[in-house]
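Everything quoted here is computed from the prediction, not taken from an experiment. Order of the sequence lines sets the chain letters (A, B, ...), proteins ahead of strands, with each chain counted from 1.
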There are 2 protein chains.
Amino acid sequence: MAESKPLILVVEDETPIRRFLKMTLVDHGFDFAEAVNGKEGLMFVASRRPDLLILDLGLPDIDGLTVTRELREWSNVPIIILSARGQEKDKVEALDSGADDYLTKPFGIAELLARIRVALRHGEKLTQGIADTVFVFGEITTDLVKRQITRGGEEIHLTPIEYKLLTILIKHSGKVVTHNLLLKETWGAGYQQETHYLRVYMAQLRRKLERDSAHPMHLITEPGIGYRLRS
Amino acid sequence: MAESKPLILVVEDETPIRRFLKMTLVDHGFDFAEAVNGKEGLMFVASRRPDLLILDLGLPDIDGLTVTRELREWSNVPIIILSARGQEKDKVEALDSGADDYLTKPFGIAELLARIRVALRHGEKLTQGIADTVFVFGEITTDLVKRQITRGGEEIHLTPIEYKLLTILIKHSGKVVTHNLLLKETWGAGYQQETHYLRVYMAQLRRKLERDSAHPMHLITEPGIGYRLRS
DNA sequence: AATCTACGTCAAGATTTTGTCAAGAAAATT
DNA sequence: AATTTTCTTGACAAAATCTTGACGTAGATT
């Protein structure tokens, strides 16, 4: 990435716009890749790790906002949203979902390019997200893209909160994650005293993931501090 | 910054807008600071290191673009530009000068706040760096990020107080740390006579960390003064 | 040798923190 | 509207940690 041309992935279902973006981007010295729907986009990011994502909000399969949120669970790739809708609440929602910028159609090419440069500037300094979207510990395999957990081939169903907690622990794999952080990330600020929630959910995760939940090998308690994922 | 409120500096010469921003920002849980011209703004950033800069382009002394460029020579504090001019070339120029975002007046409060959150998100991730946090003495390895102690590869479990004491000793590695300081840092003021606590916990640390706890190689007693970590 | 002082050792409660279970409320799905 | 799933909450058990006191040790002082 440092020396070669930055790779930009455009996720856009309308062919004319995609063509136009391709022309413009290639013209200005970027490597171009395209996806016509959300699922394709997610998989592309997982496998090819582009330097920037240009994402249309109105996709045929998954909503652009959902794509953004799912991506943010394991990737820090800069995201610029393109949308026909210019309502303030649309922008706020997109930005709060994890997007880095939001442009309303029609937009100027020069501005788009400038905002791309800004986003790439950020991307350089950012730490990439999780190294691999498939994370393995013990007999457990987690696929962050498919959102699928398996244990010895058997699929394990996790509730949204269980899944969220697990992904946080994976993101900090090996490190101790404080009660505070887990609570804030999962329930939001204002729940930082509810450590009882953590006890209940860690118990459930252990029951689902650990061979012997009374003597966990991976979901480790650090009394007084938090929890830790050991692989 | 991690725990306290983010500090936002507003550089804006028009009093009504400044007042309005102050109200809005304080209302939404930010620390607010202000400067009425570019020179003041630059000096403030240099001395107080705000987490974010909101910068009006039309300043009485230095041009906002110039402020941005000068700032970028020694700081990467996120900058959001506010401007009455919405021409594309103005935006491009500002963004290419080093600004992170550009809003045209009049702007919506909700959008501004959302873009502030984006910028702060970037700022956070920039600083989280590579700090070498592994400290080694003898056969003991301490990783202060993972909060993990190993002895010859074996994981050693420390209780919160044990860990706290050890980190204090590491922070002052080689030097003598007084009873007083250890007690104050660990139990808080008001426990500075309870030196017995230290004896109990230093004994426990030695039992866990030293090869022969009766003849410690690293956790050294300085009679009458305190303790010292020798590596 | 006796005494004193500062520190080390050990272990028994007391206290705090964590784990477990289950029932009812809330939310999502059908 | 009914059903299923998920979340929240409380009571209680279990475990880990902290506090406390009794006693031991070593060296210095008399």
Once you round it to whole Å, what is the distance between [atom2] of [N] and [atom1] of [X]?
X: Leu219(B); N: dC7(C); atom1: CG; atom2: C1'; value: 15 Å
X: Glu222(B); N: dG27(D); atom1: CD; atom2: P; value: 16 Å
X: Tyr197(A); N: dG10(D); atom1: OH; atom2: C1'; value: 12 Å
X: Ile161(B); N: dT16(C); atom1: CD1; atom2: C1'; value: 11 Å
X: Tyr163(A); N: dC7(D); atom1: OH; atom2: P; value: 14 Å
X: Glu194(A); N: dG19(C); atom1: CD; atom2: P; value: 17 Å
X: Met202(A); N: dA16(D); atom1: CE; atom2: P; value: 16 Å
X: Ile220(A); N: dA16(D); atom1: CD1; atom2: C1'; value: 15 Å

As a test of reading the structure: which of [options] is closest to the side chain of [X], going by heavy atoms?
X: His179(B); options: dT9(C), dC7(C), dC7(D); result: dC7(C)
X: Pro223(A); options: dA16(D), dC21(C), dC18(D); result: dA16(D)
X: Arg206(B); options: dT8(D), dT18(C), dG8(C); result: dG8(C)
X: Tyr227(B); options: dC10(C), dC7(C), dT8(D); result: dC7(C)
X: Thr159(A); options: dC7(D), dT20(C), dT9(C); result: dC7(D)
X: His196(B); options: dT20(D), dT18(C), dT9(D); result: dT20(D)

From the list Arg206(A), Arg228(A), Arg199(A), side-chain hydrogen bond (donor to acceptor under 3.5 Å, both in side chains) partner of Thr221(A) resolves to Arg206(A)
Query raised in the report: Are Glu222(A) and Tyr227(A) side-chain neighbours, meaning at least one heavy-atom pair lies under 4.5 Å?
Result: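 No - every pair of side-chain heavy atoms lies 4.5 Å or more apart.
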May I ask you to decide whether [X] forms a salt bridge with [Y], counting only side-chain N to carboxylate O separations under 4.0 Å?
X: Arg115(A); Y: Glu111(A); result: yes
X: Asp100(B); Y: Arg121(B); result: no
X: Arg18(A); Y: Glu12(A); result: no

